[in-house]
Amino acid sequence: MTLLGIPIYFVDRFGVYNVEICAKQFEATGKPYLNHLKKRLRWNGCELINLQTKGEFDFSDISEENGLKGGAKTR
């Protein structure tokens, strides 16, 4: 199963509409792929509630400076 299939799987199998994704699950990070994933989430009535990332800086870091650096790298 690919990440693009997760929204319908969660809804059909578990009745879950709030989706949490780990960055390492992304098959690509280009705009076309991310837009397609966004459409899949919306089409199935899902909402992305958390995106877990791992890297040099984490945008959820309690340090405002590191959080801003992480956000800039994630965009």
Side-chain angles (χ1 to χ4, degrees):
M1 175 178 302
T2 67
L3 184 57
L4 295 174
I6 290 294
I8 190 69
Y9 177 76
F10 279 9
V11 170
D12 286 350
R13 177 96 190 234
F14 306 110
V16 172
Y17 293 87
N18 293 327
V19 178
E20 182 175 304
I21 299 173
C22 295
K24 65 182 178 180
Q25 295 172 316
F26 283 78
E27 298 165 47
T29 56
K31 194 166 187 170
Y33 176 80
L34 297 176
N35 283 337
H36 191 59
L37 176 59
K38 187 176 180 179
K39 286 178 187 174
R40 288 278 181 108
L41 288 164
R42 285 185 181 163
W43 188 19
N44 292 287
C46 294
E47 183 177 346
L48 180 61
I49 60 166
N50 189 26
L51 175 59
Q52 297 178 3
T53 62
K54 188 171 184 173
E56 184 179 0
F57 298 106
D58 182 350
F59 59 81
S60 65
D61 195 307
I62 60 171
S63 159
E64 183 177 0
E65 180 181 356
N66 289 345
L68 291 172
K69 287 178 182 176
K73 289 193 112 176
T74 305
R75 291 182 205 156

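We're numbering straight along the sequence, starting at 1. Values reported hereafter were calculated over all heavy atoms of this structure, with side chains retained and with hydrogens, waters and symmetry mates removed. Everything quoted here is computed from the prediction, not taken from an experiment.
Taking the side chain as every heavy atom from C-beta outward, N18 and L48 never approach each other to under 4.5 Å. Looking at I49 and V19, their side chains never come closer than 4.5 Å, going by heavy atoms from C-beta outward. Residues K38 and L34 have side chains not in contact (no heavy-atom distance under 4.5 Å, counting atoms from C-beta outward).
Here the closest non-hydrogen pair linking G5 and R40 is N-NH1, 4.1 Å. Of all heavy-atom pairs spanning V11 and C46, the tightest one is CG2-SG, 3.6 Å. When all heavy atoms of E27 and T2 are compared, the closest pair comes out as OE2-CB, 2.9 Å.
A ring pair (Phe, Tyr, Trp, His ring centres under 6.0 Å) check over residues 17-51, counting only residues at least two apart or in different chains, returns nothing.
With sequence neighbours excluded, no residue forms a side chain to side chain contact (heavy atoms under 4.5 Å, CB included) with T29. With sequence neighbours left out, D12 forms a side chain to side chain contact (heavy atoms under 4.5 Å, CB included) with I8.
In this structure, M1 CE and Q25 CD are separated by 11.5 Å, a value rounded to the nearest 0.5 Å.
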